[in-house]
Student: 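I'd like to ask some things about the structure below.
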Amino acid sequence: MLAAGGLSTSIPSPDPAWAVLELGPLSVHVYALCLLAGIVLATWITHRRLVARGADAEATLDIVMWAVPLGIVVARIYHVLTHLGDYSDGTGPWGYWEWVRIWDGGIAIYGALIGGALGVWIGCRRAGLRFWSFADALAPGMLAAQAVGRLGNYMNQELFGAPTTLPWGLEIDHPVAGFPDDTLFHPLFLYEMLWNLLGVAVLLLVERAVRRRAEVRADAVGEPGYGLRWGRLFALYLIWYGLGRSWLEALRIDPTSNAWLGIPANIWTSFVAVALGVALFVVRGRQHPEPETSVYVPGRSARSADDAPSSTDDAPSSTDDAADGAATSDDAGSRSADAG
């Protein structure tokens with residue numbers, strides 16, 4: 001749409017041809033590339049945060065190999081179940097098998113959370129990591145990944161809201177039932193991208209502020225394990241995302257199937273996410289007021305620590321040497337604590 005002077009006052013949708021890259025006999029969907037980019041970004045952020053907390057360098061990838069496939073499968077199942085009308089009439093190119101065409105879009109983040117959580121639980125059990133420690137390390141990366149993934153919705157010209165006359169209204173090239181062809185719509189994909197990116201900053205800033213305050217109170221500045229640990233940062237992620245998604249879903253004109261009181265299922269799920277986040281934050285905080293000194297469950301540790309030489313093998317041979325060794329050990333421990 002053009003304003004006075006010929007300047008565009010709307011967001012144009014990309015050419016539908018851009019949604020697919022033809023590489024010889026292969027058709028690569030940009031939607032899938034956006035999802036993969038988000039997964040890679042979340043894995044990298046989680047890896048850096050988890051290793052900084054004492055985990056093995058291989059631990060993140062080992063867990064992601066379980067979480068991603070289960071997350072995608074359950075995300076698709078959740079989407080189909082909440083949009084049964086789109087797949088039950090058999091009118092698509094694949095008839096009643098239309099639900100298989102995941103490359104055309106249609107996965108649900110709440111389904112991804114459920115399936116991904118199951119995969120993380122399996123991976124953490126195998127690696128000996130605390131489930132909630134991994135979740136805390138993941139939380140900022142999860143929001144960043146969701147922001148990147150929403151670019152795929154833009155390429156597919158989906159995830160838009162009610163009509164709007166705002167200057168950032170989204171143009172949709174294909175007909176939208178019940179609306180004139182020149183109608184502009186709320187760009188929900190953009191709103192969620194911005195909400196998620198803001199959430200990344202909020203989580204990291206709150207985490208830093210709480211950690212510094214806890215360290216000062218405990219007179220343990222620089223020592224590891226203080227702050228929003230034991231699952232509490234992930235709880236804030238649930239609250240933040242649930243709040244944002246609830247109002248975004250209210251703007252959609254293609255909502256999930258209605259549930260109790262005629263409210264779309266995704267809005268109810270958002271309310272559940274917020275309630276779970278609040279409960280998790282309170283309960284885990286009361287269960288674990290102490291700092292989280294290890295991301296591993298009792299009896300397990302990083303393989304790098306297991307491979308380190310035993311202190312018994314290096315014990316000083318004389319009493320004086322032993323005292324010097326103890327002092328050196330204390331100094332090293334202090335430096336290590338300050339580095340953490």
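The basis for the numbers below is simple: all heavy atoms, side chains too, and nothing from hydrogens, waters or symmetry mates. In this chain, numbering begins with 1 at the start of the sequence shown.
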Student: Centroid separation under 6.0 Å, is that true for the rings of Trp66 and Trp121?
Tutor: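 Not under 6.0 Å, so no.
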
Student: Using the side-chain contact (heavy atoms from CB on, under 4.5 Å) rule, take Asp62 and Arg126 through it: C-alpha gap first, then chi angles, then the decisive distance, then the call.
Tutor: CA-CA 9 Å; Asp62 289 344; Arg126 293 170 61 88; over 6 Å; no

Student: Would you check if the side chain of Asp136 reaches a backbone N or O of Phe234 as a donor-acceptor pair within less than 3.5 Å?
Tutor: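 Indeed, once roles are kept as given, a pair shorter than 3.5 Å links the two residues.
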
Student: May I ask you to test the Val295-Phe134 pair for a side-chain heavy-atom distance under 4.5 Å?
Tutor: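 No, every pair of side-chain atoms sits at 4.5 Å or beyond.
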
Student: When you look at Phe131 and Ile63, which way does the side-chain contact (heavy atoms from CB on, under 4.5 Å) test go after all the steps?
Tutor: CA-CA 10 Å; Phe131 174 86; Ile63 295 170; over 6 Å; no

Student: Nearest 0.5 angstrom please: Leu233 CG to Ser133 OG, how far?
Tutor: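 Rounded to the nearest 0.5 Å, the CG-OG separation comes out at 11.5 Å.
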
Student: Heavy atoms only: give me the nearest Ser10-Glu171 pair and the separation to one decimal.
Tutor: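 Minimum heavy-atom separation between Ser10 and Glu171: OG-OE2, 2.6 Å.
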
Student: Would Leu251 and Ile253 show up in the same hydrophobic cluster when neighbours are defined by side-chain heavy atoms closer than 4.5 Å?
Tutor: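 Leu251 and Ile253: one cluster.
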
Student: Would you say the side chain of Trp18 lies within less than 4.5 Å of the side chain of Val30, judging by non-hydrogen atoms?
Tutor: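 No, too far: nothing below the 4.5 Å cut-off.
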
Student: Step through the shown structure and confirm whether more than 12 heavy atoms of other residues, nucleotides or ligands are within 6.0 Å of CG on Asp15.
Tutor: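 Yes - once you tally the heavy atoms of other residues, nucleotides and ligands closer than 6.0 Å, there are more than 12.
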
Student: Is the backbone N or O of Ile267 less than 3.5 Å from a side-chain atom of Ser246, with the two atoms forming a donor-acceptor pair by type?
Tutor: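 Checked: no pair found.
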
Student: Can you give me the closest heavy-atom contact between Gly38 and Ala145, atom names plus distance?
Tutor: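 What the structure gives for the nearest pair is O-CB, 3.1 Å.
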
Student: Could you tell me whether Glu292 and Arg284 have a side-chain N and a carboxylate O separated by less than 4.0 Å?
Tutor: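 So Glu292 does not pair with Arg284 through a salt bridge.
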
Student: Would you mind reporting whether Trp44 and Arg48 have side-chain heavy atoms less than 4.5 Å apart?
Tutor: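 Heavy-atom side-chain distance check passes, below 4.5 Å.
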
Student: With rounding to the nearest 0.5 Å, note down the distance linking CD1 in Ile109 to CD1 in Ile114.
Tutor: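 Ile109 CD1 to Ile114 CD1: 10.5 Å, rounded to 0.5 Å.
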
Student: As a quick check of understanding, evaluate side chain to side chain donor-acceptor pair (under 3.5 Å) for Ser270 and Tyr110, giving each step before the final call.
Tutor: CA-CA 9 Å; Ser270 298; Tyr110 287 126; 2.8 Å; yes

Student: Tyr31 and side chain to side chain contact (heavy atoms under 4.5 Å, CB included): which partner among Leu35, Val28, Leu33?
Tutor: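 Per the side chain to side chain contact (heavy atoms under 4.5 Å, CB included) rule, the option paired with Tyr31 is Leu35, out of Leu35, Val28, Leu33.
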
Student: Rounded to the nearest 0.5 Å, how far apart are CZ of Arg130 and CZ of Arg229?
Tutor: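 These two atoms lie 10.0 Å from each other.
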
Student: As an exercise, state the distance from CG of Leu243 to CZ of Phe271, rounded to the nearest 0.5 Å.
Tutor: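 It is 9.5 Å, given to the nearest 0.5 Å.
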
Student: What I'd like to find out is whether the side chain of Trp240 reaches to under 4.5 Å of the side chain of Val200, using heavy atoms alone.
Tutor: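 Contact flag for Trp240/Val200 side chains = no.
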
Student: Do Tyr237 and Met142 make a side-chain contact, defined as non-hydrogen atoms from C-beta onward lying under 4.5 Å apart?
Tutor: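 A side-chain contact exists here, since the closest heavy-atom pair is under 4.5 Å.
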
